[in-house]
Number of protein chains: 2
Amino acid sequence: MKKSKDENTEQQILEAAKFVFQSKGMDGARMQEIADQAGINKAMLHYYFRSKQLLFEAVFNNAFSLLAPQLKAILNDESSIEDKIKNFTSSYISFILQHPYIPNFIIQELNRNPDFMIKMKENPNFPNLDKFKYQLNKDIQAGIIKPISAEQLFINIMALNVFPFLAKPLLMAFTNSENETYSQLMAERETEVSSFIINAIKKN
Amino acid sequence: MKKSKDENTEQQILEAAKFVFQSKGMDGARMQEIADQAGINKAMLHYYFRSKQLLFEAVFNNAFSLLAPQLKAILNDESSIEDKIKNFTSSYISFILQHPYIPNFIIQELNRNPDFMIKMKENPNFPNLDKFKYQLNKDIQAGIIKPISAEQLFINIMALNVFPFLAKPLLMAFTNSENETYSQLMAERETEVSSFIINAIKKN
DNA sequence: ATTTAGTTTAACCATTTGGTTAACAAAAAT
DNA sequence: ATTTTTGTTAACCAAATGGTTAAACTAAAT
């Protein structure tokens, strides 16, 4: 069997497809551009992935499976609520530095085709809020944390972490920053965001 | 001159284009679909707007000029910081109910083509943070509010308000809600978000 | 009544695009 | 050594797409 050769090509295609799909979206991406980016013939894309749709789904699933563990950490590990918030904030920011296009890509494509989410949810280890909710309610009853629903707190944590990267062009304009100063703003958020959240929910 | 007729057609085109562009984006939108939606011949689109690009820009600018006043309110009116946060939160949520596609559309298209923002910024009455910053610093020095940069606070306010609508499909999955229960969650946020922010920044 | 100017349509066009095919190359298996 | 399987390419194809054109239609101005 030829192994090295085709696994290599398949990987090259996925790399190229990831680059093109994540920067232009499903509708804006062109099969020819992906082939050029991978340095191969366009027919190879169909040889390995059959159609644009299936190649796209491969890229999307890859991206989603990178994001999921980030979320599981905050929802299911054993640390305290306060530590979870701190850990999530700092790990999310370093995640973004490695995969800057992922959040935008996922949000954009989910809005284009919300059915994607249905398939994802069928996965039995799709993250859920149960543990986080239980833990939060315990802290609320113990009087450590002000009353808030787990759903709302989860949304707030996600919002404060993810939004600044989604809305980068808009926020750069409003805060009157260049690329560099905006990155600085984002770096400051690593501590800023978690203390903001903790101030909001902690009883004094 | 025939006036009523053509102004009507132009308006119908804009309505249809808004619908199609805002739900499918520039790349996903088809001129034929816009024409069908408007109930007219495809050639009319070019007669009135010359090209897909120009028609798109008309729709984009319309959308943006609906959003801008929302932001100006929080940045430039005379109320206290606390009131601004409350007002923005509740007015933003009712804005979304009237124009549910706008935030997604703007964020998506700005990421596709950040140069759009450059033209917008050239507008002399493009919103800026100066007044908000001055007002916030005064409150911080007076000891009413904990130290935080105006940029970070502004980002946080935007994030908490806008993100839940951008990430609706994702958050519906995580919070395990259907359309109806998710709308309820959003309704709760009208008070939830502003008290969350105020708790985070107010000195006790 | 006729000219004039703007509006609308059907038919058409060139290009782009996702996808296919048939022939060729290179390993593996026999 | 030769057959078979797998990988790769260039050329091709049909459908879709943004855009154009020339003719027909409409209503106001003369």
Side-chain angles (χ1 to χ4, degrees), chain A residues 1-63 105 108-109 112-113 115-116, chain B residues 1-63 105 108-109 112-113 115-116:
Chain A
M1 270 178 276
K2 290 202 266 185
K3 218 184 195 176
S4 59
K5 229 181 187 177
D6 71 317
E7 278 189 3
N8 203 333
T9 309
E10 190 169 335
Q11 204 48 45
Q12 273 177 292
I13 293 175
L14 275 173
E15 288 294 323
K18 175 182 150 187
F19 180 80
V20 176
F21 277 129
Q22 290 188 6
S23 49
K24 311 212 167 168
M26 171 66 171
D27 291 331
R30 296 289 160 253
M31 294 297 267
Q32 188 60 59
E33 190 181 351
I34 295 173
D36 292 348
Q37 184 79 21
I40 51 147
N41 190 288
K42 183 165 66 89
M44 295 302 279
L45 303 180
H46 294 94
Y47 181 75
Y48 282 96
F49 293 91
R50 266 186 53 208
S51 69
K52 186 186 185 186
Q53 178 65 23
L54 287 174
L55 177 54
F56 173 80
E57 282 173 24
V59 170
F60 185 86
N61 290 335
N62 278 181
F105 173 65
Q108 185 185 139
E109 296 302 327
R112 197 178 56 85
N113 179 12
D115 289 351
F116 262 124
Chain B
M1 270 178 278
K2 292 202 264 183
K3 219 184 195 175
S4 58
K5 229 180 186 176
D6 70 319
E7 278 187 5
N8 204 332
T9 309
E10 190 168 334
Q11 203 49 45
Q12 273 177 291
I13 293 176
L14 275 173
E15 288 295 323
K18 174 182 151 187
F19 179 79
V20 175
F21 277 129
Q22 290 188 6
S23 48
K24 311 213 169 170
M26 170 68 171
D27 292 330
R30 297 288 160 252
M31 295 297 267
Q32 187 60 58
E33 190 181 351
I34 296 173
D36 292 348
Q37 184 78 21
I40 51 147
N41 190 289
K42 185 164 64 91
M44 295 301 279
L45 302 180
H46 294 95
Y47 180 76
Y48 281 96
F49 293 91
R50 264 188 50 211
S51 69
K52 185 185 184 185
Q53 178 64 22
L54 288 174
L55 177 54
F56 172 80
E57 282 172 25
V59 170
F60 185 86
N61 291 334
N62 277 182
F105 174 65
Q108 186 186 141
E109 296 301 329
R112 198 179 55 84
N113 179 11
D115 289 351
F116 262 125

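Lettering follows sequence order; numbering is per chain, from 1.
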For A/Glu33, enumerate each residue passing the salt bridge (charged side-chain N to carboxylate O under 4.0 Å, His left out) test, keeping only those at least two apart in sequence or located in another chain. A/Lys24
Main-chain N/O of A/Val20 paired with A/Gln37 side-chain donor or acceptor, under 3.5 Å: no
Test ring-ring contact (aromatic ring centres under 6.0 Å, His included) applied to A/Phe21 - qualifying residues, sequence neighbours left out: A/Phe56
Given DNA chain C, 5'-ward residue of the pair B/Tyr47 and A/Arg50, judged by closest heavy atom: B/Tyr47
Value in whole Å for how far the C1' atom of D/dT17 lies from NZ of B/Lys24: 14 Å
Hey, could you give me each pair passing salt bridge (charged side-chain N to carboxylate O under 4.0 Å, His left out) that has a residue in residues 42-55 of chain B? Not counting sequence neighbours. none
Scan residues 27-47 of chain B for pairs that pass ring-ring contact (aromatic ring centres under 6.0 Å, His included), counting only residues two or more places apart or in two chains. none
Do A/Phe49 and A/Glu57 have side chains that approach each other closer than 4.5 Å (heavy atoms only, starting at C-beta)? no
Whole-Å distance, B/Lys52 NZ to D/dT20 P, equals 15 Å
Side-chain N,O (A/Ser51) to OP1/OP2 (C/dG18) below 4.0 Å: no
Separation of D/dG18 atom P from B/Met26 atom CE, nearest Å, is 9 Å
Near DNA chain C, which residues from residues 31-41 of chain A have a heavy atom under 4.0 Å away? A/Met31
note: B/Met44, atom CE; D/dT21, atom C1'; distance rounded to Å ~ 15 Å
Looking only at side-chain N and O atoms, does A/Thr9 come under 4.0 Å of OP1 or OP2 in D/dG7? no
Go through the side-chain N and O atoms of B/Gln32 and B/Asp36 and say whether any donor and acceptor fall under 3.5 Å apart. yes
Sidechain-backbone polar pair: B/Gln108 side chain, A/Gln108 backbone, donor-acceptor under 3.5 Å: no
Proximal nucleotide (of D/dG7, C/dT7, D/dG19) relative to the A/Tyr48 side chain: D/dG7
I need the B/Thr9 OG1 to B/Ile40 CD1 distance, nearest 0.5 Å. 7.0 Å
Collect all protein-nucleotide pairs involving nucleotides 12-14 of chain D in which both atoms are nitrogen or oxygen and the distance is under 3.5 Å.
none

d(CD, B/Gln53; C1', D/dT17) in whole Å: 16 Å
Rounded to whole Å, please give me the gap between CZ in B/Arg30 and C1' in C/dT17. 10 Å
Figure out the CD1/P separation between B/Ile13 and D/dG18, and round it to whole Å. 15 Å
Here the distance between atom P of D/dG19 and atom CZ of B/Phe56, to the nearest Å, is 14 Å
